[in-house]
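Supplied in structure tokens, the structure appears directly below.
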Amino acid sequence: MIVDFHVHTFPDKIAEKTIAYLSQKGGITPFREGTLSALKAQMKQGSVDRSVVLPVVTAARQTETINRVSAAENGKDGVYFFGGIHPDTEDIPGTLDFIQKSGLRGIKLHPDYQGIYFNDPRYLYIMEQAAKRGLYIVTHAGRDIAYPDDVHCTPQMILQVLDTLRGVIDNKLILAHMGGFDFPDDVLEMLCKKPVWMDTAAVLDLYPEKCKRIIELHGADRILFASDSPWADPEAFIRILRSFALGEDAEEKIFFANANRILHLS
Ligand SMILES: [Zn+2]
């Protein structure tokens, strides 16, 4: 079994425009269309059995719709959803209650697209409230190719947050992009072995050797296989991860066992 823990879909009406805008802004080419049906078609053809969609709320007013749709679609055809929230979301406790009661397993934060630094008190409040409800928190970590010069979630900020919320978000925080896009050396030095999860999204093919070292040092118990589809091809990422020859036990954990535990699935 393979679970891809970090994918994106966009509403049918705006998928084409959004994908075109984001690919131009980041100088990247998507490998499939941006809709939910395109994700499902990709899964049918390939080897991914389950995908986790991480919605990014870029304006507070989208919060309710995104969570309503995520809750309605959650679990269909192997596609699971996290909830979305924004620092300007009006009713943060109510939104998190809705996400939790809908059976979504966590929330996605994107400091760059939400215009806030990861250690901002408004984010700390959201993370604290989410963790108290048993929700996981996925954050974009490291550089974002659309905002290369202003990193909103550095390894230093992550350390600070872990320190401030010690005992509250331990093992509830999932750092995308192997702990920090473009910061593998800092991740090796500062974040490995901390009580956080890391996903493999978007970076496995950029610096595979460093990713392998991070996995070995951090440990397979806290790594989640992820692609960032449609921005990367999960099949290529599966091949890269297998090429690390981490052993059957570690591969099982990374490809599906860890993810299924978080998703409350067998
Ligand atoms: Zn992503």
Side-chain angles (χ1 to χ4, degrees), residues 2-11 14-15 18-36 38-39 42-43 48 50-59 62 66 69-70 79-86 104-116 118 123 136-148 150-154 158 173-184 187 196-207 211 214 223-238 240-241 259 262-263:
I2 293 190
V3 183
D4 185 343
F5 211 91
H6 184 147
V7 310
H8 299 286
T9 60
F10 304 93
I14 59 157
T18 312
I19 288 275
Y21 171 75
L22 291 170
S23 24
Q24 203 219 3
K25 202 164 178 199
I28 40 170
T29 325
F31 96 102
R32 64 158 165 86
E33 283 173 44
T35 60
L36 178 58
L39 168 69
Q42 167 222 306
M43 289 166 65
V48 173
R50 290 172 175 160
S51 292
V52 180
V53 177
L54 304 176
V56 179
V57 178
T58 54
Q62 306 161 341
I66 283 182
V69 173
S70 298
V79 179
Y80 296 83
F81 284 75
F82 267 35
I85 198 158
H86 189 283
L104 308 181
R105 296 295 298 132
I107 54 166
K108 164 76 185 246
L109 302 177
H110 201 309
D112 300 273
Y113 287 100
Q114 297 183 327
I116 177 171
F118 187 61
Y123 256 3
Y136 287 81
I137 302 130
V138 180
T139 183
H140 173 90
R143 203 179 306 283
D144 188 277
I145 44 181
Y147 301 90
D150 188 8
V151 180
H152 286 68
C153 181
T154 62
I158 293 167
L173 184 61
I174 302 169
L175 306 173
H177 315 305
M178 218 80 239
F181 191 103
D182 233 6
F183 291 87
V187 170
V196 290
W197 300 81
M198 298 183 192
D199 84 26
T200 65
V203 294
L204 265 193
D205 56 340
L206 296 181
Y207 35 82
C211 288
I214 292 172
I223 304 282
L224 298 160
F225 173 76
S227 66
D228 212 0
S229 166
W231 306 114
D233 176 3
E235 304 301 326
F237 275 36
I238 292 166
I240 296 169
L241 195 74
I262 292 176
L263 296 172

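Every number for a ligand or one of its atoms is a count from 1 in the order of the listing. Numbering of residues begins at 1 and proceeds along the displayed sequence. Source: prediction; values computed, not measured.
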Between Arg32 and Thr35 the two heavy atoms that sit nearest each other are NH1-O, 3.8 Å
Does any N, O or S atom in His6 come within less than 2.8 Å of the Zn ion (ligand 1)?
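Within the cut-off used here (under 2.8 Å), His6 does place an N, O or S atom near the Zn ion (ligand 1).
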Atom nearest to the Zn ion (ligand 1) - His8, N, O or S atoms considered
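Distance check against the Zn ion (ligand 1) picks out NE2 in His8.
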Name of whichever N/O/S atom of Asp228 is nearest to the Zn ion (ligand 1)
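Of all N, O or S atoms belonging to Asp228, OD1 is the one nearest the Zn ion (ligand 1).
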Near-ring test His6/His177, centroid separation under 6.0 angstrom:
yes
Can the ring centroids of Phe5 and Phe82 be said to lie less than 6.0 angstrom from one another?
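Under 6.0 Å, so yes.
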Worked check of side-chain contact (heavy atoms from CB on, under 4.5 Å) between Ile158 and Phe183:
CA-CA 12 Å; Ile158 293 167; Phe183 291 87; over 6 Å; no
